[in-house]
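Right, one structure below, let's go through it.
Order of the sequence lines sets the chain letters (A, B, ...), proteins ahead of strands, with each chain counted from 1. Scope of the values below: all heavy atoms of this structure, side chains included, with no hydrogens, waters or symmetry mates.
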Amino acid sequence: MRWSRYFLYTLRDNPSDAEVVSHQLLARAGMIDKLAAGIYTYLPLGWRSLEKLARIVREEMNAAGSVELAMPCVQPAELWQESGRWQFYGKELLRIKDRHDREFCFGPTHEEVITDAVRRRVTSYRQLPANLYQIQTKFRDEIRPRFGLMRGREFVMKDAYSFHTSAASLDETYRAMERAYRRVFDRCKLSYTAVEADTGNIGGSESHEFMVLAATGEDAVVACECGYGANAEKATTAPIAPPPPWPGAAPAVPEQVHTPGATSVPDVAAFLHLDPSHFIKTMIVETDAEFAVALVRGDDEVNEIKLKNVLGATHLQLAAEAKVEQVTGGGMGFSGPVGLVGVRVVADPEVMRMAVAAAGANRADYHVVGVVPGRDFTPAIVADIRVARAGDPCPRCGGPLVVKRGIEVGHIFKLGTKYSAKMACNFLDEAGAVQPMIMGCYGLGVGRTVAAAVEQNHDDAGIVWPRPLAPFEVELIALNPDVPAVREAAERLYADLEAAGCEVFYDDRDERPGVKFNDADLIGFPVRVVVGKKGVEQGQAELSLRRDRVKTPVALADAVAKVRELLAGL
RNA sequence: CGGGGCGUAGCUCAGCCUGGUAGAGCACACGGUUCGGGACCGUGUGGUCGGAGGUUCAAAUCCUCUCGCCCCGACCA
């Protein structure tokens with residue numbers, strides 16, 4: 001492709017609204033163009049990257065036994081009412097009406113549509129399992145779109161859905177999808193990790209996220225050298241080290257102490273000369289159904305996702321100050337588990353392991369010391385509700401955990417019968433009994449993966465594309481196109497490279513060298529070939545890799561072979 | 001939805017406080033000199049100052065409303 005006949009306009013300045021580097025570079029490299037908040041045009045160069053990834057995804061999905069189809073992006077409300085999500089999905093679901101005032105939504109995901117398509121055709125265990133996927137534009141009216149393609153409202157996603165007669169069959173496909181995802185991200189040359197994840201409001205029994213590791217990632221992942229990895233929302237740990245010994249003799253019975261104005265654990269700890277880990281941190285939360293109390297050790301944090309799951313709630317938030325007083329009788333910052341009645345108390349196991357502790361007294365400006373968990377209070381539930389921290393022992397091997405940042409590019413779920421049961425997507429088993437199908441779903445963010453690739457592969461000058469995702473593989477620059485010998489040499493090289501099957505992008509513009517070099521660095525095609533006046537006089541071109549930008553002269557006659565050699569090594 | 005900020009040329013921004021002929025750099029067009037890491041000189045093109053209403057002799061500037069965008073938070077297949 002010749003630049004002069006393409007549609008590519010690079011930007012010298014970062015768009016003022018671009019915050020993260022992938023957004024800045026994709027915009028400056030003329031690959032995406034924002035139309036509205038979280039809504040982008042994929043310009044020709046950007047679309048090529050998405051298509052390259054889509055092709056890889058297709059190959060791997062097909063190889064793993066999934067079958068491609070395409071579903072509508074506009075979906076009737078009836079299906080969503082049937083699954084119950086018309087009510088639950090909230091404002092993220094973009095609802096629209098047609099001219100007859102009938103309700104539709106723009107699909108954020110396609111469980112309902114695929115389940116409907118399957119139930120109208122599949123009736124027997126003999127027809128299962130089935131595994132279908134599509135690559136399609138979705139819309140989710142995110143509260144706050146940001147970071148360019150990383151969190152758009154409209155985005156391209158590959159979504160697959162599988163249907164099974166048994167958990168074992170689902171597991172088989174789930175593993176196949178996991179392997180397919182690994183192959184996709186391996187082929188993209190991305191550094192990633194697969195982690196256990198919370199199933200969120202989609203529901204289901206097992207779930208993994210594929211995280212591309214990048215400093216700017218939105219999600220924290222907890223990982224161990226032994227291979228354990230989990231989303232920070234989900235991560236568990238082996239028992240952590242106990243608090244240091246209680247200074248002096250702890251009171252034999254709980255004893256109230258005056259702690260005026262000290263509401264945070266560090267403040268009270270300093271005031272009473274205790275360690276934060278001697279405290280029981282007591283958080284009052286409000287769910288869709290009740291008030292509840294969460295207890296973690298003073299140096300820990302409550303993991304609201306874990307807590308939500310333990311409580312069986314769909315929404316959870318910290319209770320407002322007035323509510324705290326209502327529940328505990330004390331003010332915010334003086335809550336404790338002793339003497340609380342009328343609310344469910346959830347304690348983290350680490351709290352129950354404490355020999356003796358300090359906590360709020362449920363009375364303004366007072367705390368209580370000498371509290372013994374199990375003796376002075378008995379929680380309704382003991383469950384892991386703490387946030388795993390870096391350095392905590394791995395739940396599998398006991399080694400120290402590390403926390404990294406990642407970008408969620410894929411998410412696979414075992415859905416079970418959540419949708420099939422509600423929507424009567426049933427089959428007859430061998431015994432002739434009606435059973436709901438067991439489902440899995442498998443998402444892969446195509447645009448987000450491209451953005452993640454940029455996030456992970458760039459330098460000060462611009463993008464450094466991994467070859468499989470590069471819009472073009474080779475950039476050919478004619479430095480002085482007005483010099484006939486240069487023009488001829490470049491034109492010949494261009495034709496030869498194309499004939500050799502290379503994806504060449506030929507910068508034939510009448511621009512100064514610096515402009516061309518800077519654009520080449522910005523756009524980041526893996527291999528660069530420069531044809532200049534001096535080189536041509538000596539029958540040479542210059543090759544370099546975007547990765548290291550080390551320049552090597554090569555005879556014009558050997559250039560094509562050398563380019564192919566370089567590409568093969570990428 | 002809460003808090004904060006911003007909408008002025010294709011892009012990045014100044015001007016607004018203190019009302020008085022709409023600016024700069026880049027980009028673009030033409031001429032000339034340049035030409036291996038974002039050249040220079042000259043001459044130009046280009047803006048209903050997001051929109052509506054109000055105050056005023058006079059509004060980009062002050063006031064009200066409204067729309068859009070960004071950041072922080074809460075939220076998140």
Could you check whether A:Asn131 and A:Ser162, counting side-chain N and O atoms only, form a donor-acceptor pair closer than 3.5 Å?
no

Any donor-acceptor pair under 3.5 Å between the side chain of [X] and the base of [N]?
{"X": "A:Glu511", "N": "B:G38", "value": "no"}
{"X": "A:Arg146", "N": "B:C70", "value": "no"}
{"X": "A:Arg549", "N": "B:G36", "value": "no"}
{"X": "A:Arg512", "N": "B:U34", "value": "yes"}

Is it true that [X] and [Y] make a salt bridge, defined as a side-chain N closer than 4.0 Å to a carboxylate O?
{"X": "A:Glu19", "Y": "A:Arg146", "answer": "no"}
{"X": "A:Glu491", "Y": "A:Arg2", "answer": "yes"}
{"X": "A:Arg95", "Y": "A:Asp141", "answer": "no"}

Could you state the [atom1]-[atom2] distance from [X] to [N], rounded to the nearest angstrom?
{"X": "A:Arg528", "N": "B:G36", "atom1": "CZ", "atom2": "P", "answer": "14 Å"}
{"X": "A:Asp13", "N": "B:G38", "atom1": "CG", "atom2": "P", "answer": "16 Å"}
{"X": "A:Glu537", "N": "B:G36", "atom1": "CD", "atom2": "P", "answer": "12 Å"}

Applying a 3.5 Å limit to both distances, which nucleotide forms a Watson-Crick or G-U wobble pair with B:U48?
none

Base paired to B:A74 (Watson-Crick or G-U; both N/O distances under 3.5 angstrom):
none

First encountered from the 5' end of RNA chain B, between A:Pro108 and A:Ile143
A:Ile143

Nearest-nucleotide pick for A:Arg12, side chain only, options being B:C35, B:A74, B:A27
B:A27

Give one of base, sugar-phosphate or nothing for A:Glu542, where a contact means two heavy atoms less than 4.0 Å apart.
base

